[in-house]
Amino acid sequence: MARETPEQWQVHLQSLAPELIEELNVKKEPDKGLKALDVEEGQQVVMRFAPNPNGPPTLGSTRGIVVNSEYVKKYGGKFIIRFDDTDPQTKRPMLEAYDWYVDDCKWLGADPDEVVIASDRIPVYYDHARKLIEMGHAYVCFCDGEVFKKLKDAKQACPHRDVSPEENLKHWDRMLAGDYEEKTAVLRIKTDITHKDPALRDYGAFRIVKTPHPRPEIGDTYCVWPLLDFEGAIEDHELGMTHIIRGKDLMDSEKRQGYIYNYFGWQYPKTTHWGRVKMHEFGKFSTSGLRKAIEDGEYSGWDDTRLPTIRAIRRRGIRPQAIRKFMIEMGVGETDISISMDSLYAENRKLVDPIANRYFFVWDPVELEITGAKPCMITPALHPTEDRGCREIEVNDRVYTCREDVEKLEAGSKIRLKDLYNVEITSTSPLRAKYLDDCIGSVKKEKMRIIHWAPMDGVTVKVLSPDGEFKGIAEKQVTTEQDNVVQFERFGFCRIDTVDVEEVVAYYTHK
RNA sequence: GCUCCGAUAGUGUAGCACGGCCAAUCAUGCAGGACUCUCACUCCUGCGACUGGGGUUCGAAUCCCCAUCGGAGCACCA
């Protein structure tokens with residue numbers, strides 16, 4: 001039989017089963033927002049965000065917060081924040097960060113239904129460890145790390161693997177009692193020492209750490225601490241987690257934890273993984289490196305505008321709704337991505353543009369003396385399209401202008417001072433001009449540049465931005481805008497942070 | 001070395017489970033234009049992608065194999 005083309009095939013189908021053709025032409029509705037979750041009939045969704053509070057929450061954390069909480073909102077369930085703070089040494093928790101995480105979650109519209117701190121629940125982990133030892137699924141290993149690794153890589157069991165549960169319980173009790181030094185003993189979960197994936201062979205579940213925990217209520221209560229795979233496995237079951245979304249670096253975790261779930265006869269939550277997100281604008285930040293840089297005064301603090309912390313983003317006037325939208329539209333993909341802040345800024349601009357009052361702000365100010373103009377008061381609108389009232393600016397015989405605007409001028413140049421009047425430059429140093437007229441028609445006719453300016457009675461403003469600091473003069477009315485996002489015309493959006501007698505401090509939001 | 005994952009415009013993303021609606025969605029970005037007493041906003045137009053090669057099929061972004069590239073795990077970190 002001769003080969004058929006798709007067209008011929010359609011003709012055949014048309015004669016055989018025209019209803020199938022109809023079906024082909026039905027448009028599939030594209031899914032908006034997050035993909036559906038695999039939820040069982042009548043199941044209450046329980047999801048969590050589980051950070052180690054060893055540093056402040058960052059923009060990266062918002063993905064976990066927003067996506068997990070969004071699913072919970074969508075399906076109606078429980079959102080838990082769980083602090084995986086079981087390493088008092090290497091990734092030592094930072095006391096302030098606990099509150100920061102909860103606070104930032106609330107700010108992001110992800111008020112947790114429950115807050116769990118792992119270091120409060122060490123006895124729970126001990127109980128489960130004991131049961132596993134009794135069942136013969138865990139053993140205390142006294143091998144040196146290097147030695148064990150060699151054996152493991154060669155798919156060989158270490159001598160401690162076959163010790164009886166009774167014997168192991170004794171070792172375990174001595175571990176808990178503090179009889180062993182750090183690095184001399186570790187509790188391992190028995191998996192399959194010959195597993196083809198070396199990552200899954202007998203992994204560590206508890207180790208000895210004699211450094212006290214930073215939380216005063218815990219301190220030196222324990223010297224045996226669970227590792228993430230163990231702690232997470234137990235907690236996810238204890239808390240009734242139904243779905244987990246986490247980094248794909250934890251993919252093997254699921255397989256490792258699967259052994260524990262099998263031993264206990266538990267059902268593993270449904271998991272999804274996502275890749276790493278990097279922002280173009282931010283380099284690599286390590287918490288420890290940052291802490292040092294802050295102590296050294298390189299950054300003003302954890303909310304320095306140059307940092308990717310949520311605290312900094314908030315202070316800059318980014319709205320939580322913008323972050324939510326940004327994170328939700330990014331979705332949950334396994335690819336590692338590197339994304340630009342531009343998209344986040346675009347979302348935020350949509351929210352902020354209609355409500356931000358407009359003001360003049362002149363950076364790198366230069367005085368311009370004007371002759372021939374009468375003192376006056378003008379009342380430009382606070383917003384070009386929204387009816388938000390107006391501001392009042394008094395002008396006498398001089399104003400401030402931006403250096404970068406007037407540098408290009410020469411004697412004879414005609415410019416429009418926005419919302420004021422037109423002038424002609426008579427001298428560039430000192431900078432002088434003479435009044436021409438205040439007819440907007442002539443601006444268009446002569447294609448004059450329109451520049452903004454600031455009155456002599458303006459306030460000193462310091463703008464802190466990721467690209468550095470701008471100092472200048474703004475209309476004094478900005479002092480009424482504390483905590484609001486305003487737009488400095490031809491400069492960008494800023495959040496008015498503090499208002500002092502000598503100076504207003506603003507945080508740069510975005511263009 | 002062993003083991004796992006992934007790859008759609010500059011950047012993200014939809015489509016892939018179940019192959020024809022896909023000469024491929026949306027957003028952002030960039031370019032041009034309109035509007036505007038802001039370089040903002042709004043509006044219009046344009047730019048731009050299925051990693052490569054085989055296979056299966058009448059038909060492949062979608063299924064299979066190989067290659068390439070990228071990421072991750074093999075911690076007494078999370």
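Numbered from 1 within each chain, the chains take letters A, B, ... in sequence-line order. Computed from a predicted model, the values in this text were never measured in an experiment.
For the OP1/OP2 pair of B:rC2 and a distance below 4.0 Å, the side-chain nitrogens and oxygens of A:K152 include no atom meeting the criterion. Phosphate contact (OP1/OP2 of B:rC37, side-chain N/O of A:K444, threshold under 4.0 Å): present. Proximity of A:T86 to the phosphate of B:rA78: a side-chain N or O atom is located under 4.0 Å from OP1 or OP2. Within the structure, a side-chain polar atom (N or O) of A:R188 is placed less than 4.0 Å from OP1 or OP2 of B:rC76. Phosphate proximity of B:rC77 to A:R207: present, with a side-chain N or O under 4.0 Å from OP1 or OP2. Side-chain N/O atoms of A:R349 include none lying less than 4.0 angstrom from OP1 or OP2 on B:rC39. For the OP1/OP2 pair of B:rA75 and a distance below 4.0 Å, the side-chain nitrogens and oxygens of A:K183 include no atom meeting the criterion.
Within the 4.0 angstrom heavy-atom criterion, no nucleotide atom of any strand lies near A:S253. Note on A:L187: nothing from the nucleic acid sits closer than 4.0 angstrom, heavy atoms only. Counting non-hydrogen atoms under 4.0 angstrom, A:F148 reaches nothing in the nucleic acid. Using a 4.0 Å heavy-atom cutoff across all strands shown, A:D84 reaches sugar-phosphate atoms only and no base atom. Within the 4.0 angstrom heavy-atom criterion, no nucleotide atom of any strand lies near A:P380. Using a 4.0 Å heavy-atom criterion, one finds that A:S338 contacts the sugar-phosphate atoms exclusively. When heavy atoms are screened at a 4.0 angstrom cut-off, A:C143 is found touching base atoms of the nucleic acid. Across all strands shown, A:N52 has heavy atoms under 4.0 Å from sugar-phosphate atoms exclusively, and none from any base. Counting any heavy atom pair closer than 4.0 Å across all strands shown, A:L228 reaches a base atom. Heavy atoms of A:I440 sit under 4.0 angstrom from at least one base atom. A:Q487 comes within contact range of at least one nucleobase, with a heavy-atom separation under 4.0 Å.
Across the protein-nucleic acid pair, A:M251 atom CE and B:rG6 atom P stand 6 Å apart, rounded to whole Å. With rounding to whole Å, A:F230 atom CZ is found 17 Å from B:rA75 atom C1'. When rounded to the nearest whole Å, the span between NZ of A:K248 and P of B:rG71 equals 9 Å. Straight-line distance from the CG atom of A:D197 to the P atom of B:rC4: 6 Å, rounded to whole Å. The nearest whole Å value for the distance from the CH2 atom in A:W274 to the C1' atom in B:rG70 is 21 Å. Nucleotide B:rA17 holds its P atom 17 Å from the CG atom of A:D38, rounded to whole Å. Atom CG of A:D336 is separated from atom P of B:rG12 by 10 Å (rounded to the nearest Å). B:rC37 atom C1' lies 12 Å from atom CD1 of A:I451, rounded to whole Å.
If you check B:rC77, B:rG12, B:rC39 against the side chain of A:T90, the one that comes closest is B:rC77. For A:K35, counting side-chain heavy atoms from C-beta on, the closest listed nucleotide (B:rU38, B:rG6, B:rG15) is B:rG15. Nearest to the side chain of A:R256, among B:rG73, B:rU28, B:rC77, sits B:rG73. Out of B:rA7, B:rG73, B:rG12, the shortest distance to the side chain of A:P198 is found at B:rG73. Distances from the side chain of A:L227 to the nucleotides B:rC4, B:rA78, B:rG6 place B:rA78 closest. Closest to the side chain of A:E334, out of B:rC2, B:rG6, B:rU38, is B:rG6. Relative to the side chain of A:P384, the nucleotides B:rU28, B:rU38, B:rG73 differ in distance, and B:rU38 lies closest. Residue A:D87 places its side chain closer to B:rA78 than to any other of B:rA78, B:rC37, B:rG6.
The partner of B:rC74, taking Watson-Crick or G-U wobble pairs whose two distances both stay under 3.5 Å, is B:rG1. The partner of B:rU42 is B:rA34, judged by Watson-Crick or G-U wobble contacts that both fall below 3.5 Å. Under the Watson-Crick or G-U wobble criterion, with both distances below 3.5 Å, B:rC47 is paired with B:rG29. Nucleotide B:rG6 is matched to B:rC69 when pairs are restricted to Watson-Crick or G-U wobble geometry with both distances under 3.5 angstrom. Nucleotide B:rC63 forms a pair with B:rG55, judged by Watson-Crick or G-U wobble geometry with both contacts under 3.5 Å. Nucleotide B:rA14 forms no Watson-Crick or G-U wobble pair with any nucleotide shown, as no partner meets the under 3.5 Å limit on both distances.
Between A:D336 and A:K278, no side-chain nitrogen of the basic residue sits less than 4.0 Å from a carboxylate oxygen of the acidic one, so the salt-bridge criterion is not met. Using a cut-off of 4.0 Å between Lys/Arg side-chain N and Asp/Glu carboxylate O, A:K414 and A:E446 are scored as salt-bridged. Looking at A:E235 and A:R82, no side-chain N of the basic residue comes within less than 4.0 Å of a carboxylate O on the acidic one, giving no salt bridge. Between A:R207 and A:D87 a salt bridge is recorded (basic side-chain N to carboxylate O distance below 4.0 Å).
Nucleotides of RNA chain B nearest to A:F491 and A:K350 differ in position, and the one nearer the 5' end is that of A:K350. In terms of position along RNA chain B, the nucleotide closest to A:D252 lies nearer the 5' end than the nucleotide closest to the other residue of the pair A:D252 and A:V186.
Distance check on atom P: B:rG6 versus B:rU62 gives 15 Å, rounded to whole Å. Separation of the C1' atoms belonging to B:rA17 and B:rC26 is 23 Å when rounded to the nearest angstrom. As rounded to the nearest Å, B:rA9 and B:rC2 have C1' atoms that lie 37 Å from one another. Using P as the reference atom, B:rU3 and B:rC21 are 39 Å apart when rounded to the nearest Å. Straight-line distance between the C1' atoms of B:rA72 and B:rA61: roughly 26 Å, to the nearest whole Å. Between B:rA23 and B:rA7, the two C1' atoms lie 23 Å apart (nearest whole Å). Atom name C1', nucleotides B:rA60 and B:rU36: the rounded distance is 50 Å, in whole Å. The C1' atoms of B:rG54 and B:rU68 are separated by 14 Å, rounded to the nearest whole Å.
Ring geometry for A:Y222 versus A:W225: interplanar angle over 60°, hence perpendicular rather than tilted (30 to 60°).
Side-chain polar atoms of A:Y268 and A:D236 form no donor-acceptor pair below 3.5 angstrom.
Base orientation at B:rA67 is anti, since its O4'-C1' glycosidic dihedral falls outside 90° of 0.
Judged by distance alone, with hydrogens and angles left aside, the side-chain atoms of A:D202 form a donor-acceptor pair with the main-chain N or O of A:T191 at under 3.5 Å. Listed for the A:R316 side chain is a donor-acceptor partner under 3.5 Å among the backbone atoms of A:Y508. Under a 3.5 Å cut-off, the side chain of A:T335 and the backbone N or O of A:I337 do not form any donor-acceptor pair.
Minimum heavy-atom separation, A:C158 to A:C143: CB-SG, 3.5 Å.
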